[in-house]
Peer 1: 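My questions will all concern the structure given below.
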Amino acid sequence: MESRIIGKLELDEARTRRDIARILASPASSTYSGYCFGTWNIYMLCNATGKTNDSTLHEFEGPGRFTTLGLKASYIMSVIKNNFRTDKMKWARAFLLRNGNIVPHRDYLEFGRPLTRIHLAIFTDESSMHSEEDEVFQMRKGEVWYLAAEKVHSAATLSNFARTVICMEFDLEPGVGPEAVFCQMSEVFASITPRLISREPLSVQELKAIYQLGDIITEQNYSDIVRLLSKVHFYKRAGAGDLFDWMIEIARRSANANLIDRATAFKRNCIESRCVHEHISVQ
Ligand code: YCP
Ligand code: CO
């Protein structure tokens, strides 16, 4: 797995809670809501313009600006400023994930030059997981993770716990590692063992049952099947990207050309190619 812990921050509980309450009380951005099921809310803290409605990821020159919402979250903003190279930071967003998941995808398909994606875990729980290809892991409070966002990855919270992270994106000098996002490097961080989630194998019978969804798939339940299958790899040993091939095979078995097109376009947009404003909706 390429994603890894690069640091750990001590967060003041009361001040963090106060800021997160402020953030969650503001309207969430709906730009990428088509990529998720359940509650996956995005709140803009720093971006190209400082405007909270500027929420579609794109490339721009220079550092990002804190939004009015970012400025209101004064403790979180000071944690970011005191620990991270904000001169290299383009975007900072708070993500809330509850009782839902984002479909597996690759980030930066719409970029000429990818950014370096970092998560600071704020409130997490065992039911809240991330995946990268065949691996599933859980971020614990205060951990700073480098996320290999160009690999197929996903996230899920399979409970009502309101998992909250701060996602930051940096444009680092070519050739430097993700540790360069910090103002000051520290070796302490290298010693933290990540919490990996072990899963039962996916049996031949279970895989057969997945393919047999081809017997019942319709336009009406297509999205329910995507929702079901996009979470399988969090509790069975499968790859995050297997979903796309399962959906294409299920659609083929249904012999419905619309469903085949839909499953093919879904795979393409999530993991093959996507333009800046070319968003899909899986719901
Ligand atoms: C993001 N990128 O980074 C989105 C998630 C796919 C495209 C969905 O917020
Ligand atoms: Co992503």
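Everything quoted here is computed from the prediction, not taken from an experiment. Whatever order the structure lists them in is the order used to number ligands and atoms, beginning at 1.
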Peer 1: Using the side-chain contact (heavy atoms from CB on, under 4.5 Å) rule, take S159 and D125 through it: C-alpha gap first, then chi angles, then the decisive distance, then the call.
Peer 2: CA-CA 9 Å; S159 76; D125 178 74; 4.1 Å; yes
Peer 1: If the plane angle is over 60° it's perpendicular, under 30° parallel, otherwise tilted; pick one for Y222 and F266.
Peer 2: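 Rings of Y222 and F266: perpendicular, over 60°.
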Peer 1: Is there a side-chain contact (heavy atoms from CB on, under 4.5 Å) between V144 and F84? Walk through the geometry before answering.
Peer 2: CA-CA 11 Å; V144 180; F84 298 96; 4.0 Å; yes
Peer 1: Tell me: protein heavy atom nearest atom 2 (N) of ligand 1, and distance?
Peer 2: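 Going by distance alone, atom 2 (N) of ligand 1 is nearest to D107 OD1, 2.9 Å.
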Peer 1: List every atom of ligand 1 that sits less than 4.0 Å from any heavy atom of R274, numbering the atoms from 1 in the order shown and giving each element.
Peer 2: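 In order of numbering, the contacting atoms are 7 (C).
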Peer 1: Under the side-chain contact (heavy atoms from CB on, under 4.5 Å) rule, what do H153 and E2 come out as? Steps first, then yes or no, please.
Peer 2: CA-CA 11 Å; H153 65 282; E2 209 182 289; over 6 Å; no
Peer 1: Verify, without hydrogens or angle tests, whether N47 (side chain) and K51 (backbone) share a donor-acceptor contact under 3.5 angstrom.
Peer 2: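 The answer is yes, because a donor-acceptor pair under 3.5 Å joins these two groups.
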Peer 1: Considering only protein heavy atoms, which is closest to atom 6 (C) of ligand 1, and at what distance to one decimal place?
Peer 2: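 For atom 6 (C) of ligand 1, the nearest protein heavy atom comes out as H105 CD2, 3.7 Å.
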Peer 1: Short N/O distance, under 3.5 Å, between Y32 and ligand 1?
Peer 2: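 No, no N or O pair falls under 3.5 Å.
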Peer 1: Once rounded to 10°, what is the value of the angle centred on the Co ion (ligand 2) between H105 NE2 and H153 NE2?
Peer 2: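 Taking the Co ion (ligand 2) as the apex, I get 90° for this pair.
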Peer 1: Under a 4.0 Å heavy-atom limit, does L57 contact ligand 1 with its side chain, its backbone, both, or neither?
Peer 2: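 Contact part for L57 vs ligand 1: side chain (C-beta onward).
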Peer 1: Looking at atom 9 (O) of ligand 1, what's its closest protein heavy atom, distance included?
Peer 2: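 Closest protein heavy atom to atom 9 (O) of ligand 1: R93 NH1, 2.8 Å.
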Peer 1: Between N221 (side chain) and T218 (backbone), is there a donor-acceptor pair under 3.5 Å?
Peer 2: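 Answer holds: yes.
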Peer 1: Return the orientation label for the F95 and W40 ring planes: parallel under 30°, perpendicular over 60°, tilted otherwise.
Peer 2: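 The rings of F95 and W40 sit tilted, inter-plane angle from 30° to 60°.
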Peer 1: For R117, which part has a heavy atom under 4.0 Å from ligand 1: side chain, backbone, both, or neither?
Peer 2: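 Within the 4.0 Å criterion, R117 contacts ligand 1 through side-chain atoms alone.
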Peer 1: Suppose we only allow N, O or S atoms; which atom of D107 ends up nearest to the Co ion (ligand 2)?
Peer 2: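 Going by distance to the Co ion (ligand 2), the closest N, O or S atom in D107 is OD2.
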